[in-house]
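Notes follow once the structure below has been shown.
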Protein chains: 2
Amino acid sequence: MKLSTKGRYGVRALLDLALHQDEGLVPLKDIARRQEVSLPYLEHLITPLVAAGLVKSTRGARGGVSLVKPPSEIKLSEAVQLLEGSIAPVDCVNDPKLCHRSAYCVTRDIWSEMKNAMSQVLDSTTIQDLVERQRQKGQPETEMYHI
Amino acid sequence: MKLSTKGRYGVRALLDLALHQDEGLVPLKDIARRQEVSLPYLEHLITPLVAAGLVKSTRGARGGVSLVKPPSEIKLSEAVQLLEGSIAPVDCVNDPKLCHRSAYCVTRDIWSEMKNAMSQVLDSTTIQDLVERQRQKGQPETEMYHI
DNA sequence: TACTAAGTTGATTCTTTTTGTCAACATTAG
DNA sequence: CTAATGTTGACAAAAAGAATCAACTTAGTA
Ligand code: FES
Ligand code: FES
């Protein structure tokens, strides 16, 4: 039941972006440096977010990425879904046809409950919530990693 | 956020065992057949359950495995923990030292909440609950797969 | 216009985890 | 004794994860 680096780094990238959006377009390079993720990898993480219209990217010199919606309207469930795919512990929770036992499989019911419990958390948390928590903790994300 | 086959097959093995425990020792071969898992693989799934004292095994002819505790005392959280290890979405939820950012990482707080939500489900469900649900669904586990 | 700083895309590679299989062995019932 | 069973550890195939790289496109600016 581990989250992959896509989900972890991707959410952190969104948070970083939200924390710096008042500075205008944010180059991926800056996010990569602050979040300690390699730039080539971050490029792949940002792709699905751009494709989904969550993030807007601007090419060229002085380019960078920016949030399309305000952070308060970006639910973590949306971000995680884009980055990791469905959060369901087993695929047959989303599509019963994937398991030929699903009609009478009681463990599937439990995995489904787990999915709901997780969704509950991710649906009720937005990037804005993370921003506020971060500011309370001393906003190190904006202060550290200056050389 | 997927469960591996260890967790899925292992829980199903425990359920199968609970459903057949009145028949005495249950050979792994029977569980493997009913649950459609290869016998050699099932042997590895049962090992940690035996080591933890959840399941007792008896070698030799007419041997097999049996539950040590009544199904109502076996929480799914216990089984999944044994089979999959910690349910935490990221390891630093269990041990903050694993991430050097953990002191000010707000995403970690969210992953921690997710872990709690999942634990809530798995802590409040026992093998006995699964047995009862299975019987309500028509107990196919005890009726099917006879050749 | 050139040059440079970005983001885009797809191929490729390396590593780790998952998912098993197999064989040799130990134990017990009958 | 022997057949049925669980035990253990080595091994391996396949899939997924985690990047890396290079060629390309786009846009600002001198
Ligand atoms: S796990 Fe898919 S139906 Fe049981
Ligand atoms: S994910 Fe481990 S501290 Fe942020």
Side-chain angles (χ1 to χ4, degrees), chain A residues 1-13 16-17 20 23-33 35-68 80 83-86 89-91 98, chain B residues 1-13 16-17 20 23-33 35-68 80 83-86 89-91 98:
Chain A
M1 290 301 290
K2 291 290 176 280
L3 219 50
S4 76
T5 55
K6 281 187 207 161
R8 293 190 281 128
Y9 295 174
V11 170
R12 263 167 48 195
D16 187 279
L17 189 45
H20 293 85
E23 303 165 15
L25 293 180
V26 182
L28 289 182
K29 188 171 35 168
D30 291 0
I31 299 179
R33 178 173 36 81
Q35 297 299 324
E36 299 171 282
V37 178
S38 83
L39 176 58
Y41 194 42
L42 179 59
E43 287 164 353
H44 286 295
L45 301 182
I46 215 76
T47 301
L49 301 178
V50 172
L54 213 59
V55 169
K56 182 162 149 277
S57 66
T58 307
R59 297 199 205 196
R62 312 295 300 273
V65 293
S66 57
L67 292 177
V68 172
V80 172
L83 292 159
E84 298 257 339
S86 171
V90 298
D91 288 330
L98 294 179
Chain B
M1 289 301 292
K2 291 289 175 279
L3 220 48
S4 77
T5 54
K6 280 188 209 163
R8 292 191 280 129
Y9 295 173
V11 170
R12 265 169 44 197
D16 187 279
L17 189 44
H20 293 86
E23 304 164 16
L25 292 180
V26 181
L28 289 183
K29 190 172 32 169
D30 292 359
I31 300 179
R33 178 171 39 77
Q35 297 299 322
E36 300 171 281
V37 178
S38 84
L39 176 59
Y41 194 41
L42 180 60
E43 286 163 354
H44 284 297
L45 300 182
I46 215 77
T47 301
L49 302 177
V50 172
L54 213 58
V55 169
K56 183 161 146 278
S57 65
T58 308
R59 296 198 206 195
R62 312 295 299 274
V65 293
S66 58
L67 293 177
V68 172
V80 172
L83 291 159
E84 298 256 342
S86 171
V90 298
D91 288 331
L98 294 179

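Values reported hereafter were calculated over all heavy atoms of this structure, with side chains retained and with hydrogens, waters and symmetry mates removed. Order of the sequence lines fixes the chain letters, A, B, ..., with proteins taken first and strands second; residue numbering starts at 1 for each chain.
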Separation of atom CG in B:Leu45 from atom P in D:dT7, rounded to whole Å: 13 Å
Measure from the side chain of B:Thr47, starting at C-beta and using heavy atoms only, and say which of D:dT8, D:dG28, C:dT8 lies closest. D:dT8
Could you pull out the closest heavy-atom pair between B:Leu42 and B:Ala13, with the gap in Å? CD1-CB, 4.0 Å
Below 4.0 Å: OP1/OP2 of D:dT5 and any side-chain N or O of B:Lys29: yes
With respect to the side chain of B:Arg59, which nucleotide from C:dT19, C:dG7, D:dT5 is positioned closest? D:dT5
Walking DNA chain D from its 5' end, the first of A:Leu3 and B:Val26 to be reached, judged by nearest nucleotide, is B:Val26
Length of the CG-P vector between B:Asp91 and C:dT16, whole Å: 15 Å
Taking OP1 and OP2 of D:dA18, is either one under 4.0 Å from a side-chain nitrogen or oxygen of A:Tyr9? no
Just to confirm, is there a sub-4.0 Å distance from OP1 or OP2 of C:dT18 to any side-chain nitrogen or oxygen of B:Thr5? no
Mind checking whether A:Pro89 and A:Met1 have side chains closer than 4.5 Å, heavy atoms only? yes
Name the closest nucleotide to the A:Ser4 side chain, picking from D:dT7, C:dG7, D:dA18. D:dA18
Return the value, rounded to whole Å, for the distance between atom CD1 of B:Ile31 and atom C1' of D:dT5. 13 Å
Look at all strands and tell whether B:Leu28 reaches a base, only sugar-phosphate, or nothing, counting heavy atoms closer than 4.0 Å. sugar-phosphate
Quick one: is B:Ser38 getting a side-chain N or O under 4.0 Å of the C:dT21 phosphate, OP1 or OP2? yes
Side-chain heavy-atom pair A:Val11, A:Leu83 within 4.5 angstrom cut-off: yes
Distance in angstrom units between A:Leu42 CG and C:dA6 P, rounded: 14 Å
Round to a whole Å and report the spacing from CD of A:Glu43 to P of C:dA6. 12 Å
B:Arg62 CZ to D:dA3 P, in whole Å, measures 16 Å
Could you tell me whether a side-chain N or O of B:Glu84 sits under 3.5 Å from a main-chain N or O of B:Ser4, the two making a donor and an acceptor? yes
Are the side chains of B:Leu28 and B:Leu39 in contact, using a 4.5 Å heavy-atom criterion? yes
Quick one: is A:Ser57 getting a side-chain N or O under 4.0 Å of the C:dT8 phosphate, OP1 or OP2? yes
Write down the distance between CE (A:Met1) and P (C:dT18), rounded to a whole number of angstrom. 13 Å
Can you measure A:Leu83 atom CG to D:dG17 atom C1' for me and round it to whole angstrom units? 14 Å
Answer yes or no: does a side-chain N or O of B:Tyr41 lie under 4.0 Å from OP1 or OP2 of C:dT18? no
Give a yes or no on whether the backbone of B:Gln35 and the side-chain of B:Arg12 come within a donor-acceptor separation of less than 3.5 Å. yes
Answer with base, sugar-phosphate or nothing: what part of the nucleic acid does A:Pro40 contact at a heavy-atom distance below 4.0 Å? base
Closest to the B:His44 side chain: C:dT21, C:dG20, C:dG7? C:dT21
